[in-house]
Amino acid sequence: MSKDKNYWLYKSEPDAWSWKDQVAVGAKGIAWEGVRNHLAKKNLMSMRKGDQGFFYHSNEGKDIVGIVEVVREYYPDPSAEDGDPWVVVDLKAIKPLPKPVTLAVIKAEPTLAKMSLVTSARLSVQPVTAAEWKIICTMGGV
DNA sequence: GCCAACGTTGGC
DNA sequence: GCCAACGTTGGC
C-alpha cells in the first residue's frame, strides 16, 4: 500500500445524501454508510486519513460538486447486519467546486475517458488517479 | 461450478 | 419511465 495520498470519488443520490447534507455535518465528519459492494469495500479499506475525494451527485445533477477528506480510516459499518463484513470511513466536506464538473463534460474530455466514472458507472466508491484529480480540479475552478 | 433469472443502479 | 450494465441468487 502506497504512502502517497490517494484520491477517490464517492457517489450519492442527492435525495438520499447530498453535498449540502455533507457540509452541514461540519469538520467532525460522518460515516459513509451503506456500501454493499466488494470492490467499493476494498477501496474504502485502502483509504488513509487525509486522502481526498470528489463528491458526486448521481441521478440528479450528475456532477462532481465538492471535495471531501477522510478523517477516520475504515471500521465496521454500523448500519450493516450483525456479522456482515461491510465497512465505512468518516468523511468531512472540505470545499465545494466553484464550477461543478458534469458527467457530460467528463465524457467529452479525452484525458478522462478512462475514469472509473465512465468505465464502471455503477461502482459507488471509485479510485481517481492523481492526473484525473488535477484535471478535474482545474475544470472545477479549484 | 455453471448459468439463467432476477434485482438494483443510474444514465438517458 | 425505460433499459443497459452488472451483481447476486438459486437450481441443477
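Since we're looking at a predicted model, the values are computed, not measured. Every chain is numbered from 1 and lettered A, B, ... according to where its sequence line falls, protein lines coming before strand lines.
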Between C1' on B/dG11 and CD1 on A/I64, what's the gap in Å once rounded to a whole number? 15 Å
To the nearest Å, give me how far apart CD (A/E60) and P (B/dG11) are. 11 Å
What is the separation between atom CG on A/L39 and atom C1' on C/dT8, rounded to the nearest whole Å? 15 Å
Without placing hydrogens or testing angles, list every side-chain donor-acceptor pair under 3.5 Å for residues 91-102 of chain A, not counting sequence neighbours.
| residue | atom | partner | partner atom | Å |
| --- | --- | --- | --- | --- |
| A/T102 | OG1 | A/V105 | N | 3.2 |

Could you check how far CG of A/L123 sits from P of C/dG7, rounded to whole Å? 9 Å
Using only side-chain N and O atoms of A/Y56, determine if any of them is under 4.0 Å from OP1 or OP2 of B/dG11. yes
How long is the line joining CG of A/L117 and P of B/dC12, in whole Å? 10 Å
Only pairs at least two apart or in different chains count here, so list each side-chain hydrogen bond (donor to acceptor under 3.5 Å, both in side chains) that has a residue in residues 130-142 of chain A. A/T129-A/E132
A/N37 CG to C/dC6 P: how many Å, rounded? 12 Å
Starting from A/V71 and following side-chain heavy-atom contacts under 4.5 Å between hydrophobic residues (I, L, V, M, F, W, Y), which residues can be reached? none
Could you give the CH2-to-P distance, from A/W17 to B/dT9, as a whole number of Å? 18 Å
How close or far is atom P of B/dG10 from atom NZ of A/K62, stated in whole angstroms? 12 Å
Could you pull out all residues at least two apart from A/E33 that satisfy salt bridge (Lys or Arg N to Asp or Glu O under 4.0 Å)? none
Across all chains, not counting sequence neighbours, the side-chain hydrogen bond (donor to acceptor under 3.5 Å, both in side chains) partners of A/R36 are A/D77, A/S79
Dump every N/O contact between nucleotides 1-5 of chain C and the protein below 3.5 Å, one line per pair.
| residue | atom | partner | partner atom | Å |
| --- | --- | --- | --- | --- |
| C/dA5 | N3 | A/R122 | NH1 | 2.8 |

Given C/dT8, C/dG7, B/dG11, which nucleotide is nearest the side-chain atoms of A/K107? B/dG11
Whether over 12 other heavy atoms sit under 6.0 Å from A/Y74 OH: no
